[in-house]
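Here is the structure we will look at, set down as structure tokens.
Side chains are part of it too, since the values below use all heavy atoms of this structure and drop only hydrogens, waters and symmetry mates. By convention in this document, chain letters (A, B, ...) are assigned in the order of the sequence lines, proteins followed by strands, and residues within each chain are numbered from 1.
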Protein chains: 2
Amino acid sequence: MRLSEGVEWTVHCCTMLAGLPPDKAMSAKKLAEFFDVPPDYLAKHMQQMSKAGIVQTKKGPNGGYSLAKPARDITLLDMVEAIDGRICSFKCTEIRQRGPSGVSPCQYKTPCGIARAMRKADQVWRDELRKTTLFDLQMIGLTETPPEQMNKAITWLKGLFK
Amino acid sequence: MRLSEGVEWTVHCCTMLAGLPPDKAMSAKKLAEFFDVPPDYLAKHMQQMSKAGIVQTKKGPNGGYSLAKPARDITLLDMVEAIDGRICSFKCTEIRQRGPSGVSPCQYKTPCGIARAMRKADQVWRDELRKTTLFDLQMIGLTETPPEQMNKAITWLKGLFK
DNA sequence: TAATAGCGGATATATTTTATCCGTTATTTA
DNA sequence: TAAATAACGGATAAAATATATCCGCTATTA
């Protein structure tokens, strides 16, 4: 039961994008360089973010990714679901219907209690993720990032945009 | 992000064990037959349940698995964690420390905001799973199982215990 | 027009999940 | 006491998924 590594990468990337000057974009290559992750694989993940409408893209030189909407309107759940999907973490295979005591499918009126409890837990998990927005994460980053790292990051970014 | 199939199997098995006459046990082989799942693989999972102290075992003929404590004292979380472990679904690889802006590890005083939000969501998920006990699941089974299936199951069980 | 950059598809590699098998020990029943 | 049953641990094997790379395509910019 583990989330894809891509979730960590793309959420960090979005936090980065949220801090960019407006009308600036950042390519997958540059994001990958900044976080030291595989460029091609990160690009694949960012394309999923684009499909999900979280980031917008611009082709060509000085193109790249930028947020498609205000950071306040992007939830952690949005980003998690863009990478890992919306399907419940518990997959019910209806084993109650199998074996020597199983009866015709139409006799099972409700999902079994186990599946219901699991889905409820999955729901509260998603509800909790929805409470955190990209804006929240950006604020936490701004206040908690070590000063020395903040300086290095700003310097690196200045080099990026000439 | 998906739970192991073993979770579904073992929770159903425990619900079955909860309905057994006291001092009766059921072998992995019989459980596998009842639910129509691979016997050896189910046995592996049941061994994990045993290690976790959820079921107790008895070797030899008429041996097998039975609950190690009252169904009220076994939560869905206990069973999920017996199979899938207690580690958070989000693994933070500290990518903030990598790349050109990373600084010495000792400068990072708290886990990053992303990891904290993810861990909180994982926590509410586990809290929710803890609310359901095996007794609850047993009651749901008793009230919602199709009558025809209930009869078939009882007949099958009678054959089991001679 | 050359370089940049996203995109989609194909493919390769690694890791995890699922599944089986075997030898051992403990226990029960005939 | 012997034979059958059953849990247990370890070693593999097979299948599925996650991770990673590469290529050609189109759009865009300097």
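No N or O donor and acceptor, one from the side chain of B/Lys51 and one from the base of D/dG9, sit under 3.5 Å apart.
At the heavy-atom level, A/Ala28 lies under 4.0 Å from the strands shown only through sugar-phosphate atoms.
Rounded to an integer number of Å, the gap from B/Lys24 NZ to D/dA6 C1' is 16 Å. D/dT17 atom P lies 11 Å from atom CD of B/Glu5, rounded to whole Å. Between A/Glu33 atom CD and C/dT4 atom P the separation is 13 Å, expressed in whole Å. Straight-line distance from the CD atom of A/Glu8 to the C1' atom of D/dT19: 14 Å, rounded to whole Å. Between the CD atom of A/Gln56 and the P atom of D/dA27 there is a distance of 19 Å, rounded to whole Å. One interatomic measurement links the two molecules: NE2 of B/His45 to P of C/dT20, which rounds to 11 Å at whole-angstrom precision. Remark: C1' of D/dC8 and OH of B/Tyr41 are 17 Å apart, rounded to the nearest angstrom. Protein atom CE of A/Met26 is 11 Å distant from nucleotide atom P of C/dG6, rounded to whole Å.
Nearest-nucleotide positions on DNA chain D for A/Ser4 and A/Asn62 put A/Ser4 closer to the 5' end. Both B/Asp84 and B/Pro39 lie near DNA chain C, and the one whose nearest nucleotide falls closer to the 5' end is B/Asp84. Residues A/Leu42 and B/Lys44 each lie close to DNA chain D; by heavy-atom proximity, the contact nearer the 5' end of the strand is made by B/Lys44.
The shortest distance between side-chain heavy atoms of B/His45 and B/Gln48 falls below 4.5 Å.
For the pair B/Thr57 and D/dA6, the criterion of a side-chain N or O lying under 4.0 Å from OP1 or OP2 is not met. Applying the 4.0 Å criterion to OP1 and OP2 of C/dC7, one finds that A/Tyr65 has a side-chain N or O inside that range. In this model, the phosphate group of C/dG6 is not approached by any side-chain N or O of A/Ser50 to a distance below 4.0 Å at OP1 or OP2.
With C/dA3, D/dA4, C/dA19 as the candidates, the nucleotide lying closest to the side chain of B/Pro38 is C/dA19. When each of D/dA7, C/dC21, C/dG6 is scored by its nearest atom to the side-chain atoms of B/Gln47, the top-ranked nucleotide is D/dA7. Closest contact between the side chain of B/Lys58 and the listed nucleotides D/dT29, C/dT20, C/dT28 involves C/dT28.
In this structure, a donor-acceptor pair under 3.5 Å is absent between the side chains of B/Thr93 and A/Glu5.
Taken together through direct or relayed side-chain contacts under 4.5 Å among Ile, Leu, Val, Met, Phe, Trp and Tyr, A/Leu160 and A/Val55 form part of one hydrophobic cluster.
Under 4.0 Å is where a charged nitrogen must lie from a carboxylate oxygen, and between A/Arg96 and B/Glu144 no such pair does.
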Practice task
Could you give me the CA-CA distance, side-chain angles and deciding distance for A/Glu128 and B/Asp122, then say whether side-chain contact (heavy atoms from CB on, under 4.5 Å) is met?
Solution key: CA-CA 9 Å; A/Glu128 183 64 35; B/Asp122 187 85; over 6 Å; no
